[in-house]
Novice: 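Following this message is one structure expressed as structure tokens.
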There are 2 protein chains.
Amino acid sequence: MDAKAQRKDGAEYSSAMLLEIAADMFRERGIAHTTMRNIAERAGMKASSIYYHFASKDAIIDRILDRSIAEAIERIRRALAELPQEAGFRVRLCAAVTAYLTTVNDYGTFFAVTRQLRSQVSPEIAERNRQRRIELDQIWANLFAEGHRAGDITISEKNTIERLFLLGALNWATEWMDTSRKSPAELGQLATSLFMDGIAPR
Amino acid sequence: MDAKAQRKDGAEYSSAMLLEIAADMFRERGIAHTTMRNIAERAGMKASSIYYHFASKDAIIDRILDRSIAEAIERIRRALAELPQEAGFRVRLCAAVTAYLTTVNDYGTFFAVTRQLRSQVSPEIAERNRQRRIELDQIWANLFAEGHRAGDITISEKNTIERLFLLGALNWATEWMDTSRKSPAELGQLATSLFMDGIAPR
DNA sequence: GTCTATACTAAGATAGAC
DNA sequence: GTCTATCTTAGTATAGAC
């Protein structure tokens, strides 16, 4: 392996590390309160060096944002695909919720926020992000539509508000979730039975 | 009314207006993305003039934060107090949820956030805010404890996680709530029946 | 009470050496 | 690839006139 290849590996390693660090800090203290110098410090380098890897702070934000949404989609899809064909709605919902909670735990919730996020970014990237969001929403909509058809749930076919409440509850979990006390799997089960059965005695 | 009194009225009016504007902008675009110049512009004055009314941006944040929590507490208390003595848990929960949603709609949710909010502030103010938060949490805890004692709900006496999911769902509503489509009262009823009965057929 | 002018600071970003 | 040094911009905040 020659010097050039090593340098290239170093670049890939540094880029990946910077993304990890930035994602962590964004989750911990928010994007606005995370500076390039903060990220650089934790990475053990100077802020200017980051610009060798990324064109701007916005570029970093976009990379992480996009990756987070993609990750949520991927994890939910995989969790659902792993289930046996005959799995009912409750099981499928629990799998999806748990996968989603895991992503929220790893990346925080900023990937689900639109309003606060106005990084001035190229139209292509904005559009790609919009598409990803729609894709994620579609997964949930389909899941509920299936459940509706199978008669496993009572809500209307157009289940928007119920879905918004459920996803909101999951999104907010980033504020209090402590995986050392309850694993995402445990929380996912709790959320599922809460959402399915409520808290009133049957 | 002499000139001095008028000046005083003007000051009170301006202060109140600035708080309203700041609260709106914080909700719309987030605290970090709202500058003193932004606030001043919407208020029709120069940024430096704000400092006649408030010592700093942090002072504004704290005023709004404190007022928002106080408002949530006040509205829930009043909504519960207005109910007939014999009102059951479901009715009481619905009243509290609706009151809370109204506050979320008016002030956004940043009043419920801790992690992102690190305005370096005097210990006294920080402590006062902490107390208010505890007070708000206590109201919910009591409500659920009552419901538990009356046998109206199935969850354990220590109902922390269920409460966190419910409040999370309500907090997140600030991201999508559109009162021109559904009023807080309608949404409150929907959230209540969702939380009480779930979506599975009985 | 609000203005103009300006000080101060911190952040994002670039240039060029090594 | 990362450094030092520096530019530029934008934000909070102050001083003093009116």
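Just so you know, these numbers come straight off a predicted model, no measurement behind them. Letters A, B, ... mirror the listed sequences (proteins, then strands); counts begin at 1.
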Novice: Examine the side chains of Asn105(A) and Thr102(A) and answer whether a donor and an acceptor come within less than 3.5 Å of each other.
Specialist: no
Novice: Quick check on DNA chain C: between Asn38(A) and Ala55(A), whose nearest nucleotide comes earlier from the 5' end?
Specialist: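 Nearer the 5' end of the strand: Asn38(A).
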Novice: Can you tell me the distance, in whole Å, between the CD1 atom of Ile31(A) and the P atom of dG12(C)?
Specialist: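 Going from CD1 in Ile31(A) over to P in dG12(C) covers 12 Å.
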Novice: Between the side chain of Lys182(A) and the main-chain N/O of Ile161(B), is any donor-acceptor distance below 3.5 Å?
Specialist: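 Checked: no pair found.
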Novice: Would you say the side-chain atoms of Ser68(A) pair up with the backbone N or O of Ile64(A), donor to acceptor, closer than 3.5 Å?
Specialist: yes
Novice: Ile60(B) CD1 to dG11(D) C1': how many Å, rounded?
Specialist: 14 Å
Novice: From CE of Met36(B) over to P of dT6(C), roughly how many Å is that when rounded to an integer?
Specialist: 21 Å
Novice: Is the Trp140(A) to Tyr100(A) ring centre distance short of 6.0 Å?
Specialist: yes
Novice: So, Ser56(B) versus Asp58(B): side-chain donor-acceptor pair below 3.5 Å or not?
Specialist: no
Novice: Quick one: are the ring centres of Phe144(B) and Phe89(B) less than 6.0 Å apart?
Specialist: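 So the answer is yes for these two rings.
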Novice: Tell me: CZ of Arg37(A) to P of dC3(D), nearest whole Å?
Specialist: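 Rounding to the nearest Å, CZ of Arg37(A) and P of dC3(D) are 13 Å apart.
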Novice: Rounded to the nearest angstrom, tell me the gap between atom NE2 in His33(A) and atom P in dA10(C).
Specialist: 14 Å
Novice: Tell me which residues in residues 39-54 of chain B lie within less than 4.0 Å of DNA chain D, going by non-hydrogen atoms.
Specialist: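 Residues of residues 39-54 of chain B that come under 4.0 Å of DNA chain D are, in numerical order, Ser48(B), Tyr51(B).
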